[in-house]
Amino acid sequence: MENILPLLQTTSLFTGIEADALRVLLGELSAVIRSYGRGEALVQAGATNRRVGVVLTGSIEAYRPAPGGARVPIAQMGPGGVFGDVLGGSSLDSPVTVVAASGCEVLLIPYDRLLLSDGSAAHQRALQNLVRTISDKYFLLSRRVDLLVLKSLRAKVCAYLLGEAEQQGSLTFSIPYSRIQLADYLNCDRSALSRELSLMQRDGLLDTYRSSFKLLQPAALRQMVQ
């Protein structure tokens, strides 16, 4: 696992832990590396999940199954992404499915081993990081709820794009969703979304091509959210 230490040190779960201490900690946690092919499930909705994972290579996506075979996208992650941190500590079955969006390798850690601290500084820091990561995801979920309760589609689009621009620190950015996935994320019809984006581009509010956006009038977009 020596070659994955630099990546792990950049993740929300292991940030602030020196390489030597992290090497020892991974052994104590019984961490293992597993490979998954595209479309293979890492976590299955309706089943228990008692592991925390870190994406090492490739990418994964999490979605909530909906009636009629539809999928409500929750998140997409590439190398360094942490998953299972919220689900692993619950006594309930997972409400979401996590699949490999491409061939990937992930580091898997038994949740109970992570919670059972040996008192070392590295393990204590990992626990602190775990709590912080879960808290951050709570606020992201709150943002998603705020977005979904907006009444108009344009308000939802504006709120989402402004949030992405703020998170990425630029008015020009790419989103992790296709048009179909974005429509699912915003809980709207794909045709209606495409039409709204075309109208917003015509009105000079933004430029867009596929999954890339440039916000031309952010102040006007903020007014539309209110």
Side-chain angles (χ1 to χ4, degrees), residues 1 3-4 7-8 10-14 26 29-114 129-130 133-134 136-145 147-148 160 163-164 167-168 173-190 193 210-212:
M1 293 191 180
N3 60 329
I4 68 172
L7 172 63
L8 294 180
T10 68
T11 68
S12 61
L13 187 58
F14 296 119
L26 292 177
L29 295 176
S30 300
V32 296
I33 296 175
R34 293 286 183 267
S35 298
Y36 293 87
R38 181 177 180 181
E40 192 173 354
L42 289 72
V43 178
Q44 192 70 52
T48 58
N49 176 66
R50 297 292 181 267
R51 300 180 299 185
V52 181
V54 179
V55 182
L56 302 177
T57 64
S59 60
I60 64 172
E61 58 185 11
Y63 65 87
R64 183 162 189 160
R71 298 181 174 186
V72 179
I74 303 297
Q76 289 189 337
M77 297 180 185
V82 178
F83 64 95
D85 45 331
V86 177
L87 301 175
S90 175
S91 60
L92 304 177
D93 293 340
S94 173
V96 304
T97 293
V98 180
V99 299
S102 65
C104 65
E105 285 188 323
V106 299
L107 180 77
L108 297 174
I109 301 168
Y111 206 94
D112 58 348
R113 298 296 294 267
L114 185 58
N129 290 342
L130 176 65
T133 299
I134 293 174
D136 288 346
K137 289 186 177 181
Y138 168 82
F139 283 103
L140 288 175
L141 177 60
S142 178
R143 173 192 164 196
R144 175 80 179 276
V145 172
L147 186 154
L148 291 177
Y160 174 75
E164 286 297 309
Q167 185 175 352
Q168 299 186 39
F173 55 89
S174 295
I175 65 173
Y177 300 127
S178 65
R179 284 286 192 272
I180 295 176
Q181 292 171 324
L182 181 57
D184 288 339
Y185 187 87
L186 298 177
N187 193 30
C188 68
D189 179 75
R190 178 195 176 191
L193 174 62
R210 294 184 177 177
S211 295
S212 297

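Every heavy atom of this structure was used, including side-chain atoms; hydrogens, water molecules and symmetry mates were not. Residue numbers start at 1 and run along the sequence shown.
- We find the CG-CG distance between L148 and L186 to be 7.5 Å, quoted to the nearest 0.5 Å.
- Expressed to the nearest 0.5 Å, how far CZ of R71 lies from OG1 of T97 amounts to 8.0 Å.
- Scanning all heavy atoms of the two residues, the minimum distance from C188 to L193 falls at SG-CB, 3.9 Å.
- To the nearest 0.5 Å, atoms CG (D112) and CG (L29) are separated by 10.0 Å.
- Note that the CG atom of D85 and the CG atom of L114 stand 9.5 Å from one another [nearest 0.5 Å].
- No more than 12 heavy atoms of other residues, nucleotides or ligands sit less than 6.0 Å from atom CZ of R190.
- Residue R64 places its CZ atom among 12 or fewer non-hydrogen atoms of other residues, nucleotides or ligands, all under 6.0 Å distant.
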| task | Report the C-alpha distance between D184 and Y177 in whole Å, list the side-chain angles of each, state the deciding distance to 0.1 Å, and finish with yes or no for side-chain contact (heavy atoms from CB on, under 4.5 Å). | result | CA-CA 10 Å; D184 288 339; Y177 300 127; over 6 Å; no
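- Nearest heavy atom pair, residue M77 against residue V82, reads CE-O, 3.0 Å.
- In this structure, S142 contributes its side chain and Y138 its backbone to no donor-acceptor pair below 3.5 Å.
- Pairing each heavy atom of C104 with each of G58, the nearest pair is CB-CA, 4.0 Å.
- Nearest approach of S211 to S178, heavy atoms of both residues: OG-CA, 4.2 Å.
- Separating the CG atom in L42 from the CD atom in E61 is a distance of 11.0 Å, to the nearest 0.5 Å.
- I74 is listed as a side-chain neighbour of R144, based on a closest heavy-atom distance under 4.5 Å.
- Inter-residue side-chain proximity for V98 and N49 is flagged as unmet; no heavy-atom pair is nearer than 4.5 Å.
- Distance check, rounded to the nearest 0.5 Å: CD of Q168 to CD1 of I175 gives 9.5 Å.
- In this structure, V55 and T57 approach most closely via the heavy-atom pair CG1-O, 3.6 Å.
- Looking at S102, its side chain does come within 3.5 Å of a backbone N or O of S59 through a donor-acceptor pair.
- By the 4.5 Å heavy-atom criterion applied to side chains, Y36 and I60 are not counted as neighbours.
- A heavy-atom distance below 4.5 Å is found between the side chains of L56 and L8.
- Side chains of V106 and F83 form a contact here, defined as non-hydrogen atoms less than 4.5 Å apart.
- Not a single donor-acceptor pair under 3.5 Å links the side chain of S35 to the backbone N or O of E105.
- Atom CZ of R50 sits in a crowded spot, with more than 12 heavy atoms from other residues, nucleotides or ligands closer than 6.0 Å.
- Side-chain atoms of V54 and I4, non-hydrogen and from C-beta on, never get closer than 4.5 Å to each other.
- Counting heavy atoms from C-beta on, the side chains of V86 and L141 never come closer than 4.5 Å.
- Of all heavy-atom pairs spanning S94 and V43, the tightest one is OG-CG1, 3.6 Å.
- R143 places a side-chain heavy atom less than 4.5 Å from the side chain of Y160.
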